[in-house]
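Heavy atoms only: backbone and side chains are in, while hydrogens, waters and symmetry mates are out.
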Amino acid sequence: MSSTFTYHFDTPTYKGISTVPTNLFINGKFVEPVEKGTIDVLNPVNGSVITPVAAGTAADIEIAAQAAKKAYKECWGLKVPGAQRGGMLSKLADLLEANADEFAALEALDVGKSFTVARTADIPGSVAVLRYYAGWADKIQGKTIETNDKKMAYTRHEPIGVVGAIIPWNYPLSMLSWKIGPALAAGNTVVLKPSELTPLTALRLCPLLVEAGFPDGVINIVTGYGSTAGQAISESMIIEKVAFTGSTLVGRKIMEAAAKSNLKKVTLELGGKSPSIIFDDVDLEQTVKWVAHGIFMNHGQACTAGSRIFIQAGIYDAFLKKFTDHTLSLKVGDPFAKDTYQGPQVSQTQFERIMGYIKSGKEDGATIHVGGERHGENGYFVQPTIFTECKPTMKIVREEIFGPVAAVIKFTTEEEVVEQANDTLYGLACSVFTRDIDRAIRVAHSIEAGTAWINCANFVDVNVPFGGFKQSGIGRELGEYALEHYTNVKAVHINIGHRL
């Protein structure tokens, strides 16, 4: 396998050449994996092989963890002032911003997402996260705590040490920034595994890490399968904390492995089945657009997707008509076309999973109002789909589909919809649409979810915490709250007068 991969983009939205390293990035160098294995990265538009990349295994994770441990002890952590750590993060943000078009093209290539969306949302969002935590790097501090006049006590917020990060395929660069931003700002070193489906932007970032000035071993990126490299991160006796974004099923396995090894700290951002609640006093035009954004953004491949759409009876027909028209207007097709909203699903496996849920919905008695079929003949494209006549017991209502499939449910009263919205194992997010601010706040407070959007959907901010209730996860990402999960609090007691 070649140590680099070069792709020539000649598309309506981007023309350029990208050269991406394909080996593992460990201790500041690109190295072949111990077992010499490879993983084929596929183009979801047509299923063809884009390039092979290195397949790291447990042995490579161990080498990376050792490198990260050495770097933490010798050239990172509290040995590097926060202002210097922040300077490197800020430089990395600048470099990413300068290469934004290329990174957006790579995300469109292996994820299948719209280049326009990646360029205007994903890449700028990642830059913003890095800059935000660059600003925090020299502001992590403890407290002086009054006890009595013969004793002084204070706290230190110290780095944990080596942090493992396992990121998903739906937002590769965004999730990378969400993990390394707070980890590095707090003084930790990192061993990160990108998804084997979408590793290109993580690998392309590695030369920028060197250019930004990060010492060797501070950030190590190991491509590999979840069942090998990901499992090794969870089981490592060197890694002291693991941050994971992905399915609830895998989150359970990571938590178990973390407990059975060295009882490492975990933060888990897991699945969701978010409700969008539409009361009959809404601004129809705006609400339709936000609700569609809530479910169809990123091809429905978002943990916060508002896949359960509750419409109050008084507005049900009017809303459904406009929602239908808007859904039918969404352009599905080539990620590099200027007007594409939805590209292909990420893989054959994900395509088949979604089509399986659509089949289940039909078998359970729900009505396909829009879509429900494959789009085109090649690739992993799925039509944006709306089900009506949905019941609470149906799989399409209860389980996370992770695709462009909406289950529409009619409701009458506020009390009824709150009960139905909370009837789920998940608790990641919700959206409430109404012009009545009292009701908006009341319902938002009543929904068991970590994020509540009022008159909007899928609208995160870098300085606002994000995370779930119930089986949607543990801990918070983004904002100041995320830093709590990347530091250990040490209490220091100083005797200045007590005598035994």
Distance alone, cut at 3.5 Å: any donor-acceptor contact between the side chains of [X] and [Y]?
X      : Y      : answer
Glu235 : Ser261 : no
Lys241 : Asn188 : no
Gln301 : Gln345 : yes
Asn23  : Ser3   : no
Thr248 : Gln471 : no
Thr19  : Thr6   : yes

Salt bridge (Lys or Arg N to Asp or Glu O under 4.0 Å) partners of Glu477, counting only residues at least two apart: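 Glu477 satisfies salt bridge (Lys or Arg N to Asp or Glu O under 4.0 Å) with Lys179 only.
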Are any side-chain N or O atoms of Tyr171 and backbone N or O atoms of Asn298, one a donor and one an acceptor, separated by less than 3.5 Å?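 Absent.
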Where the side chain of Ser234 meets the backbone of Gly230, is there a donor-acceptor pair that is under 3.5 Å apart?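 Yes: the side chain of Ser234 pairs with the backbone of Gly230.
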What distance do [X] atom [atom1] and [Y] atom [atom2] have between them, rounded to the nearest 0.5 Å?
X      : Y      : atom1 : atom2 : answer
Thr487 : Lys490 : OG1   : NZ    : 12.5 Å
Leu200 : Ile50  : CG    : CD1   : 6.0 Å
Tyr132 : Ser177 : OH    : OG    : 13.0 Å

Using 4.0 Å as the upper bound for N to carboxylate O, is an ion pair formed by [Y] and [X]?
X      : Y      : value
Glu97  : Arg131 : yes
Glu240 : Lys265 : no
Glu74  : Lys79  : no

Indicate the ring-plane relationship of Phe466 and Trp178, choosing parallel, tilted or perpendicular according to the 30° and 60° boundaries.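 It falls in the perpendicular class, over 60°.
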Given Lys470 and Glu448, is the salt bridge (Lys or Arg N to Asp or Glu O under 4.0 Å) satisfied, shown in steps? CA-CA 8 Å; Lys470 299 192 280 192; Glu448 298 161 355; 2.9 Å; yes
Would you list the pairs meeting side chain to side chain donor-acceptor pair (under 3.5 Å) in which at least one residue belongs to residues 211-227, sequence neighbours left out?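 Checked against side chain to side chain donor-acceptor pair (under 3.5 Å) - neighbours excluded - the pairs reaching residues 211-227 are Lys29-Asp216.
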Evaluate Glu32 against Lys36 for salt bridge (Lys or Arg N to Asp or Glu O under 4.0 Å), listing each step before the verdict. CA-CA 6 Å; Glu32 292 186 353; Lys36 312 299 183 187; 3.0 Å; yes
For a 4.5 angstrom cut-off between non-hydrogen side-chain atoms, does Pro52 reach Thr22?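 When only atoms from C-beta onward are counted, Thr22 and Pro52 do not touch, as no gap falls below 4.5 Å.
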Do Glu352 and Tyr380 touch side chain to side chain, with heavy atoms closer than 4.5 Å?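 No; the side chains remain at least 4.5 Å from each other.
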For Lys139, which residues count as a side chain to side chain contact (heavy atoms under 4.5 Å, CB included) partner, sequence neighbours excluded?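 Checked Lys139 against side chain to side chain contact (heavy atoms under 4.5 Å, CB included); matches are Trp136.
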Reference residue Phe402; test ring-ring contact (aromatic ring centres under 6.0 Å, His included); the match among Tyr357, Trp169, Phe351: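 So, applying the ring-ring contact (aromatic ring centres under 6.0 Å, His included) to Phe402 and each of Tyr357, Trp169, Phe351, only Trp169 qualifies.
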Could you go step by step and tell me if Glu196 and Lys193 meet the salt bridge (Lys or Arg N to Asp or Glu O under 4.0 Å) rule? CA-CA 8 Å; Glu196 62 272 19; Lys193 189 198 87 67; 3.3 Å; yes
